[in-house]
Amino acid sequence: MNVDLLSRPAEEVAPRLLGSVLTCETSEGTVRIAVTETEAYAGTADPASHAYRGRTPRNAVMFGPAGHLYVYRSHGLHWCANVVTGQDGIASAVLIRAGRVVEGEDLARERRGERVESPRLARGPGNFCQALGITGEHNGANLLTGGPVMLSEGEPVPAAHIRVGPRVGVSKAHDWQHRFYLAGDPTVSAYRLSPRAKPSAGA
DNA sequence: CGAATGATATGCT
DNA sequence: GCATATCATTCGC
């Protein structure tokens with residue numbers, strides 16, 4: 001994956017990450033997942049971003065150079081993974097919301113549960129990380145230098161298949177058109193409006 | 001130092 | 001559809 005591509009604002013990078021492949025190697029084995037759904041978080045200008053209130057120990061990675069992984073824990077039990085984008089010093093990241101397992105499906109299913117159907121293995125941010133094997137240990141990992149977690153180009157996605165919509169699950173600025181996904185793909189999480197969603201201004 | 005909150009997923013009503 | 005699990009981070013006092 002080219003770092004120049006990632007060095008643009010999150011909302012530009014997010015649609016271009018569709019189809020790219022995340023690889024995670026652990027002692028258990030290797031899982032590769034093709035990204036089918038992303039969400040852009042525009043740093044300090046975005047009320048829904050963790051970086052909205054400025055730099056903190058947790059979100060520091062988002063302020064760093066593009067091509068690193070920002071992992072955080074949600075609701076005490078799920079891990080969520082972001083690809084850091086934009087320029088060094090400016091908070092910007094793309095949340096990976098869903099994907100399709102292309103290698104290591106057995107291992108992914110072992111982690112997620114035997115009864116989980118293939119399209120659901122990596123559907124939703126928490127499930128995606130669980131299937132891939134991402135944990136807090138991977139926070140800050142460089143995705144471009146051949147570490148245990150890697151981001152690589154996948155099969156090109158036709159622009160006509162890309163859809164844009166409002167973000168999922170956020171309590172603020174949910175109506176920003178910052179969620180990108182592949183039309184009709186069964187691995188894309190169903191759209192749900194946040195229970196706390198309120199109208200807001202913005203792009 | 002205590003309290004509230006959250007970019008979720010699942011299971012039961 | 002709604003409640004609930006469960007904890008690190010953040011913010012208020």
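All values reported here derive from a predicted model rather than from experimental measurement.
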In whole angstrom, give the distance that lies between atom [atom1] of [X] and atom [atom2] of [N].
X: A/L121; N: B/dA9; atom1: CG; atom2: P; result: 14 Å
X: A/R73; N: C/dT9; atom1: CZ; atom2: C1'; result: 12 Å
X: A/L95; N: B/dA9; atom1: CG; atom2: P; result: 9 Å
X: A/H174; N: B/dT8; atom1: NE2; atom2: P; result: 14 Å
X: A/H78; N: B/dT10; atom1: NE2; atom2: P; result: 7 Å
X: A/W79; N: C/dA5; atom1: CH2; atom2: P; result: 20 Å
X: A/L77; N: B/dA7; atom1: CG; atom2: P; result: 14 Å
X: A/K172; N: B/dT5; atom1: NZ; atom2: P; result: 10 Å

Query raised in the report: Is it true that a side-chain atom of A/R97 and a backbone atom of A/V188 form a donor plus acceptor pair closer than 3.5 Å?
Result: no
Of the candidate nucleotides [options], which contains the atom at the shortest distance from the side chain of [X]?
X: A/S171; options: C/dA5, B/dA9, B/dA7; result: B/dA7
X: A/R58; options: C/dT9, B/dA7, B/dA9; result: C/dT9
X: A/S74; options: B/dA7, B/dT10, B/dT8; result: B/dT8

Query raised in the report: Any stacking of A/H75 on B/dT8, going by centres under 5.5 angstrom and planes within less than 30 degrees?
Result: yes
Query raised in the report: Is A/Y72 stacked on the base of B/dA7 when the test is centres under 5.5 angstrom and planes under 30 degrees?
Result: no
Do [X] and [Y] sit in the same hydrophobic cluster, where Ile, Leu, Val, Met, Phe, Trp and Tyr count as joined when their side-chain heavy atoms come under 4.5 Å apart?
X: A/L6; Y: A/I96; value: yes
X: A/V116; Y: A/W79; value: yes
X: A/V164; Y: A/V35; value: yes

Report summary line: Output for pair (A/E103 CD, A/I33 CD1), nearest 0.5 Å, gives 11.0 Å
**Report entry** Spatial distance of atom NZ (A/K172) from atom OH (A/Y52) [nearest 0.5 Å]
**Finding:** 7.0 Å
Query raised in the report: Which of residues 49-57 of chain A sit near DNA chain C, with a heavy atom under 4.0 Å from it?
Result: A/R53, A/T56, A/P57
Requested in this report: Over 60° means perpendicular and under 30° means parallel, so classify the ring planes of A/H178 and A/W176, tilted if in between.
Outcome: perpendicular
Requested in this report: Treating a pair as Watson-Crick (purine N1 to pyrimidine N3 plus N6-O4 or O6-N4) or G-U wobble (N1-O2 and O6-N3) with both distances under 3.5 Å, list the stems of 3 or more consecutive pairs that involve DNA chain C.
Outcome: B:1-6 with C:7-12, B:8-12 with C:1-5
Report summary line: Closest heavy-atom pair, A/V61 versus A/N139, reported as atoms and distance to 0.1 Å, is CG2-OD1, 3.8 Å
Query raised in the report: Where is the tightest heavy-atom contact between A/L17 and A/S20, given as atom of each residue plus distance?
Result: O-OG, 2.5 Å
Query raised in the report: When you check the phosphate oxygens OP1 and OP2 of B/dA7, does a side-chain N or O of A/N59 lie under 4.0 Å from one of them?
Result: no
Requested in this report: Verify the contact: side-chain N or O of A/R112 to OP1 or OP2 of B/dT10, cut-off strictly under 4.0 Å; return yes or no.
Outcome: yes
Query raised in the report: How about A/R109 and A/S118: does a side-chain donor come under 3.5 Å of a side-chain acceptor?
Result: yes
